[in-house]
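Letters go in sequence order (proteins before strands), and every chain restarts at 1. Values below: all heavy atoms of this structure, side chains included; hydrogens, waters and symmetry mates excluded.
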Amino acid sequence: MIVDAVYEAYDDASINDPAGQIDAIYCGSLYSKSGPVEVSEALKLYKPLTSVMNYCATGTEAVRAAAMSIAAGVYETVLVVGYDKPKDRGVSGPTVNISDVRGLPATPAGWFAVCAQPYFEKYGAGKEHLAKIAVKNHYNGSLAPKSFLKKRISVEEAMNGRMISWPFGLYDCAAQTDGCAAVILTRADQARSYRDNPVYIKGIGSGCAPDPNRDPTFDFRRWKPTENAAREAYAMAGVSNPAKEIHLAQVHDCFTLTELLSYEDLGFIEKGEAKNYIDDGYFELDGGLPVNTDGGLKAFGHPTGASGVRMMVENVLQLQKRAGERSIRRDATLALSHNIGGFPTGCAVAILGIER
Amino acid sequence: MMVGVETAACCIPYRRLSLPVIRGGRNDAAAPERAVAWFDEDSITMAVEAARQCLAYAQWPDIDGLILASTSSPYDEKQGASIVARALNLPSHVSTMDVAQSLRAGTTAIQYAVAAVKSGEMKRVLVLASDERAVAPGSPGEIDLGDGAVALLIGADDVKLALSGSRSTNNEMMDVWRRSGDRYLHSWEDRFIKKHGYQHVLVSAVREFCESYRCEVKDFSRVCLYAPDPRSHKTAVSELNVAKECVQDPFFGRVGNIGVGAALLQLVAAFESLNVGDRILLASYGDGADVLAFELVSAPPSHATVPRALERRKPVLRYQDFLSAKGLQHSEYADADYQGISATVQYRNAKENLGLVGQRCKSCDTHQFPRGRVCGQCGEKDSWEEVCYSRDFARLLTYTKDAFFPAPEPPTLAGIVEVERHSVDGGKSRGPRMHIQVAECEKDALRCGMQLKFVFRCIHRAGKRPNYFWKCVPIDERESQAV
């Protein structure tokens with residue numbers, strides 16, 4: 001997987017001498033068995049090697065660390081590889097951690113579900129709105145050649161899925177799978193020497209917040225890490241009105257509710273408005289702000305460390321109008337991608353732009 | 001010096017298994033049933049629950065000793081009383097002891113507690129009798145055995161039920177036994193063991209007691225007799241000529257024979273229903289017999305714990321659920337036979353996990369659980385006061401129902417609660433927030449804002465040993481009024 005993704009990236013950037021052209025490698029993996037050496041050995045590319053981990057935000061965090069190394073003037077061209085093989089861990093789903101007695105059940109579905117009831121009660125949204133997100137992402141995934149799940153589903157199927165952790169049924173949960181994604185970063189002033197239509201990192205930020213299970217000020221209707229990461233990324237990219245300036249987004253739909261909250265936490269719409277926009281199809285491929293155009297974690301799949309990098313690959317393809325059947329209908333020059341992970345406690349947001 | 005019971009309480013598990021369900025049929029509310037410790041309960045958690053109630057009625061006095069009587073401790077070597085003491089957040093100087101091996105252990109513990117108080121060595125001793133009965137599924141006596149615990153606070157200061165006499169006999173006999181390593185009870189031929197064992201030993205012990213104290217069975221307003229089964233109870237009652245109105249209900253068909261606590265549960269029920277001056281005779285059996293006499297010297301408590309515990313019940317609807325709860329059902333989940341939680345981690349977390357102890361920041365008053373060094377609100381370092389939250393109430397802020405987490409009875413109800421601290425002057429303050437499981441609640445009854453209380457439970461058995469922490473359960477109407 002690492003070789004497939006990285007060699008495709010080499011081709012895309014017209015790199016024919018990796019050992020000569022790449023200065024360093026940044027790796028992102030949550031379930032790595034032996035660390036970043038897995039990447040250098042797969043590629044037989046022996047360059048300064050860095051491993052980055054921040055739960056499900058790992059992919060974006062690896063790109064962020066690589067971008068900072070270029071911004072700092074240390075390297076010129078850097079390879080970023082996000083990868084994970086969760087299916088090698090010997091469990092069929094997320095690990096159920098029983099190394100302690102507190103905080104159980106420690107399942108991701110349970111952690112991300114705690115915003116459901118308070119949000120539903122205050123804003124009147126419900127399971128049907130979550131279902132519509134699942135239907136959209138399954139549809140988009142069916143158009144993406146490299147997605148994991150290509151089955152389209154109906155709202156009824158999504159509503160009647162086997163219960164995982166209320167209100168999340170099977171179709172509210174991302175499909176965890178193996179995968180890898182790679183991007184090659186270089187100095188902005190050199191980008192055109194690799195290809196004619198480079199995509200620029202306009203802003204890339206990270207946000208952290210207290211454990212929501214203990215935070216005495218938390219209202220269970222948002223994810224604070226998203227708000228914090230977005231603030232940093234928007235400031236860096238000079239975005240003052242994301243609702244207007246962001247044209248498409250890949251957001252972390254580990255669970256359908258995470259996508260719903262992200263619409264609001266990222267400032268695409270006002271808090272509490274998601275249900276109306278979902279009903280109007282605003283986030284669909286032909287909508288005002290298409291979200292998860294390749295199926296997202298839900299249908300494209302969630303190989304944890306790869307997801308954030310995969311989102312950037314998708315945004316690059318959309319901005320360069322190379323997304324084929326799943327191309328968005330509107331014109332887009334600024335795209336956002338978003339990862340959130342932990343309990344959740346960490347988030348990273350990247351904003352990519354193209355010049356036309 | 002008058003020594004005896006100051007306060008008493010019982011813990012009868014919420015779940016009841018009825019005879020029709022044991023036989024593979026549908027539950028029938030009118031059929032005989034037994035109390036069942038559920039998958040997150042064992043002799044330790046039931047002892048903790050009974051102890052918490054008993055000490056709460058006495059307004060949490062200082063105690064010098066804690067005796068745990070049980071034949072079903074999760075450990076052959078390792079004390080149960082010290083686990084209970086940690087869960088009760090008792091100081092380390094409290095003397096702890098386990099009395100085990102015989103169903104007489106509960107009355108024996110009372111005798112030793114009374115002796116310790118009489119001698120002046122100790123002022124107050126908490127006696128706990130708790131058992132989860134090891135009955136083989138499908139065996140004839142399955143309906144007769146039950147699970148439960150009793151707590152008695154023994155002292156000399158505020159005695160309500162004075163011990164007026166006590167006598168023991170010992171008797172070696174292979175009637176009922178469990179060898180080391182056995183999971184279930186074995187017994188010899190029924191007629192033989194009842195005739196030469198239970199009936200003979202118990203009845204003789206009561207007669208000898210009466211002789212030595214120059215009294216008669218008819219002098220007692222209530223007679224509490226341990227019995228292995230309802231028939232044996234009837235026989236003993238008739239041999240001792242106990243008047244009908246003086247027979248204490250042994251709770252067969254409702255709770256079952258709860259082992260070391262069986263006779264003591266009868267004692268607590270009698271204590272809660274009699275009047276000043278009434279006398280109670282109690283006899284327990286197991287490799288001999290203990291006979292104890294009590295006199296009610298002050299008004300019985302206004303709170304009656306036994307009727308309330310009998311009332312609070314939920315029937316088990318399928319025998320298969322009972323088997324799952326007792327770990328007797330095959331499941332897709334891996335056996336918890338690996339090493340389990342690191343003992344180092346357990347040592348480090350003992351206060352939090354067993355005592356539900358967190359901390360309050362001395363600078364900004366914010367509570368934090370689990371403990372840490374830096375305050376999450378004001379940033380002050382190492383400025384803490386330890387606080388125990390197990391006696392506080394909690395409010396449910398949000399919840400989920402996790403069907404993915406391995407459990408005998410999915411979904412596991414879990415949520416985030418905020419501890420509500422109630423001070424003596426009626427003031428209310430915010431405690432810490434915790435991610436915690438909710439037990440003994442219907443999954444559709446969960447509501448944001450509902451009030452809960454803490455109960456000590458076994459969370460899982462990784463390492464094939466019980467790993468305890470706390471859960472929350474809904475509070476009932478009465479407790480809600482108190483809040």
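- E385(B) CD: more than 12 foreign heavy atoms inside a 6.0 Å radius.
- Looking at L397(B), T398(B), I416(B) one by one, the single match for side-chain contact (heavy atoms from CB on, under 4.5 Å) with P118(A) turns out to be T398(B).
- In this structure, the portions of P216(A) lying under 4.5 Å from any heavy atom of chain B include both its backbone and its side chain.
- Across every non-hydrogen atom of H460(B) and V101(A), the tightest pair is NE2-CG1, 3.9 Å.
- For the atom pair CG of D215(A) and CD of Q377(B), the computed distance is 7.0 Å after rounding to the nearest 0.5 Å.
- A donor-acceptor contact shorter than 3.5 Å is absent between the side chain of R214(A) and the backbone of G376(B).
- When side chains are defined from C-beta on, D100(A) counts as touching N353(B), because their heavy atoms get closer than 4.5 Å.
- The neighbour count for Q79(B) CD, taken as heavy atoms of other residues, nucleotides or ligands under 6.0 Å away, is above 12.
- Closest approach of H435(B) to N213(A), counting heavy atoms only: CD2-ND2, 3.7 Å.
- For the atom pair CG (L446(B)) and CH2 (W166(A)), the distance works out to 9.0 Å, reported to the nearest 0.5 Å.
- Per-residue heavy-atom pair counts under 4.5 Å with chain A were compared for K443(B), Q346(B), R430(B), and the maximum is reached by R430(B).
- Within the model, atoms CG of L170(A) and CZ of F404(B) stand 10.5 Å from one another, a figure rounded to the nearest 0.5 Å.
- At a 4.5 Å heavy-atom cutoff, F168(A) makes no contact with chain B through either its backbone or its side chain.
- Y468(B) touches chain A through its backbone: at least one of N, CA, C or O sits under 4.5 Å from a heavy atom, while the side chain does not.
- Nearest approach of Q117(A) to C448(B), heavy atoms of both residues: CG-SG, 3.4 Å.
- Heavy-atom neighbours of F120(A) CZ from other residues, nucleotides or ligands within 6.0 Å: above the threshold of 12.
- Under the 3.5 Å distance criterion, the side-chain polar atoms of R102(A) are left unmatched by any main-chain donor or acceptor of N349(B).
- Neither the backbone nor the side chain of Q368(B) comes within contact range of chain A, judged by heavy atoms closer than 4.5 Å.
- Chosen from P167(A), P212(A), S165(A), the residue pairing most often with chain B at heavy-atom distances under 4.5 Å is S165(A).
- In this structure, T217(A) OG1 and R433(B) CZ are separated by 7.0 Å, a value rounded to the nearest 0.5 Å.
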